[in-house]
S.K.: 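Got a structure for you, written out below as structure tokens; questions coming shortly.
Residue indices begin at 1 and follow the sequence shown.
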Amino acid sequence: MFLLGVCIFALVGSLLVSGLLTWCVRNTARKFNWVKGPESERHIHSLPTPRLGGVAIYFTFVAMIAFETAIVSFGLHRHRPESTQMLLRILMPATLMFLVGLADDFWNLRPVLKLGFQVAAGLWLFQLGCHFGFVGFQFHGTDYSRVLSCVATVTWVVMLSNAFNLIDGLDGLAAGSSIFPLLTISAAALFHHNGQFGVASIVLIGALLGFLRFNFNPATIFLGDCGSLFIGFMLASFSMFADRAMAPTLVSVALPVVAFALPIAEAFVSVLRRFLSGRSIFSADREHFHHRLLKLGFTHRQVVVLLFGASGVCSLMSVVLLFPRLNVLLLVSIALGLLIFVGVGKLGYPEFDEIGRVVLRVREQKLVIAQNVKVRQIAPALLHAPTWEDATQILRNGLQGSDFSGFELAVYRQASYRHGKDTLIHNRTVALRPDQGEPKWSITLEFTGNDQLGFLELHCPYRSQSLMIDVNVLLQVLKPALCSVCGKPPVEHRRIPVSEGERSSSKSASALG
């Protein structure tokens with residue numbers, strides 16, 4: 001009962017203090033013109049707005065933790081002195097993250113510099129003893145458990161700090177989305193009789209709720225980098241310390257990963273799509289989850305509520321992992337994977353459409369190779385073709401069964417063509433399969449030799465399947481072979497009966513244009 005009273009006091013007290021401090025910070029920032037307008041097209045707001053909401057959250061948390069530690073911490077149910085010491089230690093690197101974010105809010109630090117400070121804060125946290133625990137990781141007789149733990153801890157801190165920075169793009173989104181995983185962390189801490197960290201999580205929840213009063217749409221103050229980096233760091237720290245009592249290492253790692261699935265997925269998708277697009281992973285854009293949802297027609301508030309719901313679902317799924325069983329972990333992992341896969345797919349990122357095309361291409365690679373081999377077999381046969389009629393027949397036999405529905409081969413006498421005369425040497429249009437009136441597109445290969453020039457136009461019907469012939473093979477293999485045929489002494493044009501599927505027609509000089 002005493003612990004319940006402390007939790008209620010922590011929630012209500014931090015909410016009131018945060019609300020008061022947020023109001024003071026907002027008005028002070030306006031008075032001294034510490035406001036920023038939209039600096040790029042990725043920013044949704046249109047009016048200059050203070051970005052120092054993290055100041056109110058930071059000082060609310062520090063003040064309430066100091067008060068709770070000094071007054072009531074020794075009465076907590078099954079209180080652990082080491083928890084209080086660890087919490088106070090965590091505040092040191094957390095303050096570093098807060099100051100780095102504050103400097104960025106005022107002076108726009110370089111991304112590499114911010115990343116360096118985040119790594120330093122992660123290493124500091126590891127040295128303080130707050131980290132993931134890995135035991136028995138050996139290679140050739142050497143125990144690398146500590147190295148693996150250090151790398152995992154720093155990666156976790158950097159990832160979460162940047163993840164909450166990335167989703168801080170709509171009014172109330174980052175602060176509101178943090179509340180659900182904090183509830184999970186608090187539940188995990190209290191479940192393992194770690195009252196200090198459970199209450200500390202509730203204090204941060206209250207601070208966020210008080211801030212949301214001024215940050216929900218339409219916002220009058222933003223979280224800023226000082227807030228998003230501080231919150232991300234505290235969540236990373238809490239998640240590692242609250243789950244240390246959980247026996248299975250796999251579950252203790254999986255629980256925070258599932259709870260923070262939304263910001264982690266946002267960070268991972270952002271880095272991956274920027275990499276696939278050939279841009280810097282630090283570059284800003286307007287392609288985050290909330291931006292894509294706005295493009296799909298959702299309103300500002302609808303997007304925030306929808307992402308709140310997604311964060312809540314992930315947090316509920318993580319609570320199930322408090323009862324660690326392998327089949328439960330497997331079920332949660334599959335459900336979460338499907339949720340992310342379907343959700344990201346619905347957002348319509350072109351980068352991931354391209355990945356899907358590449359995956360499909362790998363499955364169809366056998367067919368691609370077979371079609372390319374046909375083209376490579378055509379080239380040497382063309383070199384020995386005595387006439388263009390023979391060349392046409394070679395093309396017809398070689399392209400039969402390919403992606404193309406037909407082709408047109410036209411050859412002109414080069415000297416006459418340059419003087420504006422239409423001296424046609426050869427012109428054939430061949431249908432490789434029955435024409436069903438379907439719309440077509442074409443690839444045109446222009447070629448030239450000593451006395452002749454022409455073009456080969458390949459027709460392909462519009463369809464959803466990928467082209468099974470590499471265009472580069474056509475350019476690098478088939479085109480040189482046609483040029484070689486052009487270099488031979490010209491053969492006088494002979495009128496030959498047109499077989500089924502072919503027609504003979506004259507071609508004007510403008511066709512080459």
Side-chain angles (χ1 to χ4, degrees), residues 131-137 145 148-149 151-153 155-157 159-160 163-164 166-167 173 176-194 197-198 201 205 232 235-273 289-290 292-293 305-349 352 355-356 359 363:
H131 52 75
F132 287 114
F134 293 93
V135 180
F137 186 81
S145 300
L148 180 61
S149 177
V151 172
T153 300
T155 302
W156 182 245
V157 169
M159 182 170 59
L160 273 194
F164 279 96
L166 287 173
I167 66 173
L173 180 56
S177 298
S178 307
I179 292 174
F180 297 100
L182 274 171
L183 289 171
T184 300
I185 291 173
S186 179
L190 296 175
F191 185 80
H192 294 291
H193 310 295
N194 194 334
F197 267 81
S201 301
I205 291 174
L235 288 170
S237 306
F238 283 178
S239 62
M240 286 187 290
F241 194 81
D243 295 336
R244 288 177 68 183
M246 301 181 71
T249 301
L250 183 61
V251 175
S252 66
V253 174
L255 191 147
V257 169
V258 175
F260 299 121
L262 176 61
I264 290 174
E266 172 68 90
F268 178 77
V269 168
S270 296
V271 170
L272 181 58
R273 59 181 174 76
F289 289 172
H290 48 276
R292 300 297 296 188
L293 288 171
V305 171
L306 184 61
L307 293 178
F308 278 2
S311 180
V313 169
C314 293
S315 297
L316 286 175
M317 293 170 66
S318 67
V319 171
V320 179
L321 297 179
L322 290 174
F323 309 95
R325 292 176 60 184
L326 187 58
N327 56 346
V328 173
L329 176 60
L330 183 61
L331 182 62
V332 169
S333 301
I334 293 175
L336 181 63
L338 288 174
L339 179 64
I340 295 175
F341 180 80
V342 174
V344 173
K346 292 293 183 181
L347 295 178
Y349 284 112
F352 298 115
I355 289 180
V359 171
R363 291 177 52 193

S.K.: How many angstroms lie between atom CG of Leu160 and atom OG of Ser239, to the nearest 0.5 angstrom?
M.R.: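 Here the rounded value is 6.0 Å.
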
S.K.: Taking all atoms of both residues into account, what is the closest heavy-atom pair of His131 and Ser149, and its distance?
M.R.: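 Heavy atoms only, the tightest pair is ND1-OG, 3.2 Å.
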
S.K.: Without swapping roles, check the side chain of Thr184 against the backbone of Val319 for a donor-acceptor pair under 3.5 Å.
M.R.: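 Here the side-chain-to-backbone pair does not exist.
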
S.K.: Main chain of Phe308, side chain of Ser311: is a donor-acceptor contact present, judged purely on distance under 3.5 Å?
M.R.: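 Between the backbone of Phe308 and the side chain of Ser311 there is no qualifying donor-acceptor contact (under 3.5 Å).
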
S.K.: For the atom pair OG (Ser186) and CZ (Phe197), what is the distance rounded to the nearest 0.5 Å?
M.R.: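 Separation between the atoms: 12.0 Å.
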
S.K.: With side chains defined as the heavy atoms from C-beta onward, is the minimum distance between Phe289 and Ile167 less than 4.5 Å?
M.R.: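 Not in contact.
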
S.K.: Name all residues meeting the ring-ring contact (aromatic ring centres under 6.0 Å, His included) criterion together with Tyr349; count only those two or more places apart in sequence or in a different chain, and write none if there are none.
M.R.: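 For Tyr349 the ring-ring contact (aromatic ring centres under 6.0 Å, His included) partners, ignoring immediate neighbours, are Phe352.
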
S.K.: So how far is it from His290 NE2 to Leu347 CG, rounded to the nearest 0.5 Å?
M.R.: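 Reported value, rounded in 0.5 Å steps: 11.5 Å.
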
S.K.: I would like to know whether Val269 and Ile340 meet side chain to side chain contact (heavy atoms under 4.5 Å, CB included); could you show each step before the answer?
M.R.: CA-CA 10 Å; Val269 168; Ile340 295 175; 5.9 Å; no

S.K.: Do Pro256 and Ser318 have side chains that approach each other closer than 4.5 Å (heavy atoms only, starting at C-beta)?
M.R.: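 No; the side chains remain at least 4.5 Å from each other.
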
S.K.: Could you report the tightest heavy-atom contact between Met317 and Leu336, atom names first, then the distance?
M.R.: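 Heavy atoms of Met317 and Leu336 come nearest at CE-N, 3.4 Å.
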
S.K.: Quick check: do Leu262 and Ser177 have side-chain heavy atoms less than 4.5 Å from each other?
M.R.: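 Of all side-chain heavy-atom pairs linking Ser177 with Leu262, at least one is under 4.5 Å.
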
S.K.: Does the side chain of Ser178 come within less than 4.5 Å of Leu235's, by heavy atoms?
M.R.: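 Answer yes - side chains close enough.
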
S.K.: State, with a plain yes or no, whether a side-chain heavy atom of Val320 is found less than 4.5 Å away from one of Val258.
M.R.: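 Counting from C-beta outward, Val320 and Val258 never come under 4.5 Å.
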
S.K.: Who passes ring-ring contact (aromatic ring centres under 6.0 Å, His included) against Phe260, sequence neighbours left out?
M.R.: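 Phe260 satisfies ring-ring contact (aromatic ring centres under 6.0 Å, His included) with Trp156 only.
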
